[in-house]
Protein chains: 2
Amino acid sequence: MENKETEILETAERMIQEGGYNAFSFREIAKAVGIKSSSVHYHYPTKADLGVAVASYYTDKFIAHLGDPVDLMAVGKDPIRQYVAAFRDAFIKDRRMCLCGLLGAEVKGLPNSVAAQTKLFFVRNIEWLTHAYEQQGHTTDARDNALRTLSILEGAMIVSNALDDVDVFYDTLKHFDETR
Amino acid sequence: MENKETEILETAERMIQEGGYNAFSFREIAKAVGIKSSSVHYHYPTKADLGVAVASYYTDKFIAHLGDPVDLMAVGKDPIRQYVAAFRDAFIKDRRMCLCGLLGAEVKGLPNSVAAQTKLFFVRNIEWLTHAYEQQGHTTDARDNALRTLSILEGAMIVSNALDDVDVFYDTLKHFDETR
DNA sequence: GTCTATAATTTGATAGAC
DNA sequence: GTCTATCAAATTATAGAC
């Protein structure tokens with residue numbers, strides 16, 4: 001991995017994806033990346049600082065990976081299918097939940113700064129999806145479609161995760177793409 | 001409230017709904033119900049025991065409140081709309097998340113017994129919804145519709161909760177009922 | 001940047017009196 | 001059933017040496 005800071009972020013990311021904000025500690029992260037907890041504090045002074053950094057890191061990475069919906073259409077790709085594929089690949093291949101889905105569920109128990117950063121993930125994703133639906137000709141119902149697509153994805157990951165059955169994810173999302 | 005055991009369950013329920021499994025402690029619950037933490041341990045020896053009890057309590061309460069879909073249809077009610085209303089009322093009126101939605105998201109970080117009980121919530125809800133869709137004439141796609149309805153509800157609560165905007169919940173679910 | 005050492009607090013849990 | 005008292009472990013965080 002590139003550097004210690006990124007290693008810390010990605011370790012914390014995985015831990016949050018498995019058990020939420022309270023499922024990572026400075027000591028556990030330190031052990032995983034091979035340093036001491038005080039050194040983790042050097043990079044991220046408080047737990048809230050690290051939480052904000054992880055949420056921001058995850059959001060930027062996710063949006064960047066999607067690309068621009070206009071560009072996708074220009075090369076003949078359906079941006080909504082690409083969007084569904086982004087969550088599907090992370091969930092099916094790596095069994096990764098949406099980091100901000102977990103944080104968003106427990107937002108009332110989070111430090112304000114982490115809650116605000118979590119909110120930003122959803123604002124940016126709804127913008128992206130709304131733009132994509134607009135590009136596909138939806139004028140009045142673009143945002144409602146965006147909300148539904150985002151919600152069904154977040155929900156499908158939770159239900160499939162709880163049942164420990166990835167087929168549930170496929171079955172829930174199959175109306176987006178009948179081929180598998 | 002009826003008795004101490006129920007008070008403990010409902011206190012833990014609220015705490016989990018706000019921040020997940022790691023967001024409640026025996027001491028906090030004890031303080032809330034006016035006893036000492038050792039007395040909470042008397043009722044529920046371990047944290048996993050209490051977690052299982054809360055998940056079971058919540059699931060039974062939720063399913064019982066729904067009633068039987070066949071009975072609902074018999075009195076002219078749409079069981080799917082009733083199902084949506086059950087989550088909507090808890091979320092809008094009391095700002096309550098689905099307890100098992102939170103637990104389901106962090107299932108990898110839960111004790112096995114709590115994870116198993118969480119899974120049961122989803123099994124029973126999918127059964128209920130599938131049965132309801134079958135009653136409405138869906139033969140081959142009843143289960144897929146059940147999964148989609150459950151997922152969109154769980155997802156809509158998370159997105160709306162993260163954005164701290166209940167209108168998002170209404171907008172996401174409005175295709176189930178145009179009137180508000 | 002990383003370390004040792006440590007502080008202050010919280011946590012899940014138990015023993016035993018009443 | 002509830003209490004006091006206590007424990008061992010884990011947590012977030014800081015001070016200061018290298």
Side-chain angles (χ1 to χ4, degrees), chain A residues 1-55 57 102-103 106-115 117-118, chain B residues 1-55 57 102-103 106-115 117-118:
Chain A
M1 239 173 274
E2 305 128 46
N3 58 65
K4 253 354 166 195
E5 229 151 88
T6 312
E7 273 190 76
I8 292 168
L9 286 179
E10 300 195 344
T11 303
E13 181 187 8
R14 170 134 255 162
M15 288 173 173
I16 293 173
Q17 284 171 325
E18 285 175 5
Y21 185 74
N22 292 305
F24 77 94
S25 72
F26 282 81
R27 269 178 176 74
E28 273 185 286
I29 289 173
K31 196 194 292 181
V33 307
I35 57 177
K36 295 295 176 180
S37 70
S38 55
S39 301
V40 179
H41 277 286
Y42 167 79
H43 295 286
Y44 303 97
T46 70
K47 184 164 183 172
D49 289 331
L50 179 47
V52 168
V54 173
Y57 176 72
L102 271 111
L103 295 180
E106 59 190 14
V107 97
K108 288 192 194 71
L110 296 180
N112 287 338
S113 56
V114 182
Q117 194 65 45
T118 302
Chain B
M1 241 174 272
E2 304 130 44
N3 57 64
K4 245 14 163 183
E5 227 150 272
T6 311
E7 271 189 79
I8 292 168
L9 286 180
E10 299 196 344
T11 302
E13 181 187 9
R14 170 134 255 161
M15 288 174 175
I16 293 173
Q17 284 172 325
E18 286 176 4
Y21 184 73
N22 293 304
F24 77 93
S25 72
F26 282 80
R27 271 178 175 75
E28 274 185 285
I29 289 172
K31 196 194 292 183
V33 307
I35 56 178
K36 295 295 176 181
S37 69
S38 55
S39 301
V40 180
H41 277 287
Y42 167 80
H43 295 285
Y44 303 97
T46 70
K47 183 163 182 173
D49 290 331
L50 179 48
V52 168
V54 174
Y57 176 72
L102 271 112
L103 296 179
E106 58 190 12
V107 96
K108 289 190 193 72
L110 296 180
N112 286 338
S113 57
V114 182
Q117 194 64 45
T118 301

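Each chain gets a letter, A, B and so on, in the order the sequences are listed, and its residues count up from 1.
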Quiz item: Between atom NE2 in A/His43 and atom C1' in C/dG1, what is the gap in whole Å?
Solution: 6 Å
Practice problem: Using the salt bridge (Lys or Arg N to Asp or Glu O under 4.0 Å) rule, collect all pairs that involve residues 37-49 of chain A, keeping only residues at least two apart or in two chains. | Solution: none
Quiz prompt | Upstream residue (5' side of DNA chain C) when B/Thr46 and A/Glu5 are each assigned their closest nucleotide | solution = A/Glu5
Practice problem: Provide, to the nearest angstrom, the distance between the NZ atom belonging to A/Lys47 and the C1' atom belonging to D/dA13. | Solution: 13 Å
Exercise. Could you pull out all residues at least two apart from B/Ala32 that satisfy side-chain contact (heavy atoms from CB on, under 4.5 Å)?
Key: B/Thr11
Quiz item: Can you name the residues that form a side-chain contact (heavy atoms from CB on, under 4.5 Å) with A/His43, not counting sequence neighbours?
Solution: A/Lys4, A/Glu5, A/Ile8
Self-check item: For A/Ser38, all residues meeting side-chain contact (heavy atoms from CB on, under 4.5 Å), sequence neighbours excluded
Solution: A/Lys36
Quiz prompt | Of residues 20-42 of chain A, the positions that come close to DNA chain C - non-hydrogen atoms, cut-off under 4.0 Å | solution = A/Arg27, A/Ile35, A/Lys36, A/Ser38, A/Ser39, A/Tyr42
Exercise. Tell me, please, which residues at least two apart from B/Ile16 pass side-chain contact (heavy atoms from CB on, under 4.5 Å).
Key: B/Phe24, B/Val54, B/Leu99, B/Leu103
